[in-house]
Amino acid sequence: MRITGILLGCALAVTGAGVAHADPAATAVAVPDKASLIASLGLQAHVEGGYFARTFQPDHRPQLATPRGPRYTMTAIHYLLTDDSPIGHWHRNESDIVHFHHLGAPVHYYLLHPDGRLETAVLGPDLAAGQRLQLAVQGGVWKASHLPQGEYGLISEAVAPGFDYADMALGTRALLLQQFPQHADVVRAYTRN
């Protein structure tokens with residue numbers, strides 16, 4: 001009898017019979033579509049491409065003195081690339097920025113460093129495939145992003161010192177081709193003009 005009971009217990013464990021399971025439908029989180037994200041996060045069109053909303057600026061702290069004027073110690077935004085606005089065009093910021101992947105398809109990044117080096121990275125959830133959950137970009141580096149597939153890719157950015165449009169430059173094709181002729185293909189792919 002004891003052996004029969006043990007075997008029966010093993011059979012129940014292997015088949016899952018008699019074991020309480022959580023209902024996957026009850027614990028699943030609904031994945032929003034891009035229209036829902038844009039509405040619920042209050043996103044607006046961004047000058048670089050995609051959509052954004054500022055989510056944080058520390059009004060409770062004194063601003064930092066920078067060569068370009070006073071700046072918040074840090075700011076943060078949500079940033080969304082979509083299938084109908086899939087490119088964050090070339091731009092350069094004076095501040096350092098850390099990007100964090102949240103939802104949706106992977107977002108590809110292209111970085112042109114002052115020394116002429118091209119760096120690429122993919123922000124996304126598949127760590128085994130070499131994707132990253134976060135990407136730090138130093139101030140002074142040209143950056144472009146691209147959503148090659150999927151309905152959207154949602155990230156956040158933390159910027160320090162805080163973002164100000166006076167600290168950002170949009171890259172023109174002529175300027176970037178002059179500075180980085182060895183990377184002409186990627187420059188052309190992610191500039192508007």
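Hydrogens, waters and symmetry mates play no part in the numbers below; they use all other heavy atoms, side chains included.
- Of all heavy-atom pairs spanning Ala105 and His101, the tightest one is O-NE2, 3.2 Å.
- Two residues are said to be in side-chain contact when any heavy atoms from C-beta on lie closer than 4.5 Å; Val47 and His91 fail this criterion.
- Ring geometry for Tyr190 against His146 counts as tilted: the plane angle lies between 30° and 60°, on a 0 to 90° scale.
- Around atom CD of Gln179, more than 12 heavy atoms belonging to other residues, nucleotides or ligands sit under 6.0 Å away.
- Nearest heavy-atom pair across Leu81 and Leu147 is O-CD2, 3.5 Å.
- Counting heavy atoms from C-beta outward, Asn93 and Asp167 have side chains that stay 4.5 Å or more apart.
- To the nearest 0.5 Å, the span separating NE2 on His183 from CZ on Arg117 amounts to 9.5 Å.
- Between Tyr51 and Ser85, the shortest heavy-atom contact is CE1-CB, 4.2 Å.
- With Gln131 contributing its side chain and Pro106 its backbone, the two residues share no donor-acceptor pair below 3.5 Å.
- With values rounded to the nearest 0.5 angstrom, Ile38 atom CD1 is found 11.5 Å from Gln44 atom CD.
- Judged purely by atom type and a 3.5 angstrom limit, Thr75 has no side-chain atom pairing as donor or acceptor with the backbone of Gln57.
- Counting heavy atoms from C-beta on, the side chains of Pro70 and Leu64 never come closer than 4.5 Å.
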Original post:
So Asp83 and Lys34, side-chain contact (heavy atoms from CB on, under 4.5 Å) or not? Walk me through it.
Top reply: CA-CA 9 Å; Asp83 52 4; Lys34 70 180 173 186; 2.3 Å; yes
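- Put simply, CG on Leu123 and CG on Leu133 are 8.0 Å apart, with the number rounded to the nearest 0.5 Å.
- The line from OH of Tyr79 to NE2 of His46 is 6.5 Å long, rounded to the nearest 0.5 Å.
- Side-chain contact check for Leu112 versus Arg92: every heavy-atom pair is 4.5 Å or farther apart.
- Among all heavy-atom pairs drawn from Asp96 and Gln138, the shortest one is OD1-CA, 3.4 Å.
- Among all heavy-atom pairs drawn from Phe180 and Val187, the shortest one is O-CG2, 4.4 Å.
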Original post:
Given the rule in the side-chain contact (heavy atoms from CB on, under 4.5 Å) test, do Thr172 and Asn193 qualify, once you have shown the distances and angles that lead to the verdict?
Top reply: CA-CA 6 Å; Thr172 65; Asn193 56 25; 3.9 Å; yes
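- Between the side chains of Asp59 and Tyr72, at least one donor N or O sits under 3.5 Å from an acceptor N or O.
- Using cut-offs of 30° and 60° on the angle between ring planes, the pair Tyr165 and Phe163 is perpendicular.
- Between the side chains of Asp84 and Thr82, a donor-acceptor pair is found at a separation under 3.5 Å.
- Cluster annotation: Leu41 is connected to Leu80 through the hydrophobic network of ILVMFWY side chains, with a link wherever side-chain heavy atoms come within less than 4.5 Å.
- In this structure, Ile155 and Leu135 have side chains that are not in contact, with every pair of non-hydrogen atoms separated by 4.5 Å or more.
- Put simply, the side chain of Leu175 does not reach to within 4.5 Å of the side chain of Trp90, judged on heavy atoms.
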Subject >> Criterion side-chain contact (heavy atoms from CB on, under 4.5 Å) on Glu48 and Leu170, from CA distance to verdict >> reply: CA-CA 7 Å; Glu48 298 162 8; Leu170 290 172; 4.1 Å; yes
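- No donor-acceptor pair closer than 3.5 Å links the side chain of Ser156 to the backbone N or O of Phe100.
- Under the 4.5 Å side-chain contact rule for hydrophobic residues, Met168 and Ile77 share a cluster.
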**OP:** Evaluate the side-chain contact (heavy atoms from CB on, under 4.5 Å) criterion for residues Val31 and Leu103: first the C-alpha distance (whole Å), next the side-chain angles of each, then the deciding distance (0.1 Å), finally the verdict.
**Re:** CA-CA 9 Å; Val31 177; Leu103 293 172; 5.9 Å; no
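- Taking 4.5 Å as the limit, some side-chain heavy atom of Tyr110 sits within range of a side-chain heavy atom of Thr120.
- Nearest approach of Ala45 to Phe52, heavy atoms of both residues: O-CE2, 3.8 Å.
- Note that CD1 of Ile97 and CE of Met74 are 12.0 Å apart. Values are rounded to the nearest 0.5 Å.
- No continuous path of hydrophobic side-chain contacts links Trp142 to Val122 [ILVMFWY only; heavy atoms under 4.5 Å].
- No single ILVMFWY cluster, assembled from side-chain heavy atoms under 4.5 Å apart, contains both Val141 and Leu177.
- A distance of 11.5 Å separates OG of Ser95 from CD of Glu157, quoted to the nearest 0.5 Å.
- A 4.5 Å side-chain heavy-atom check between Arg68 and Asp164 finds every atom pair outside the cut-off.
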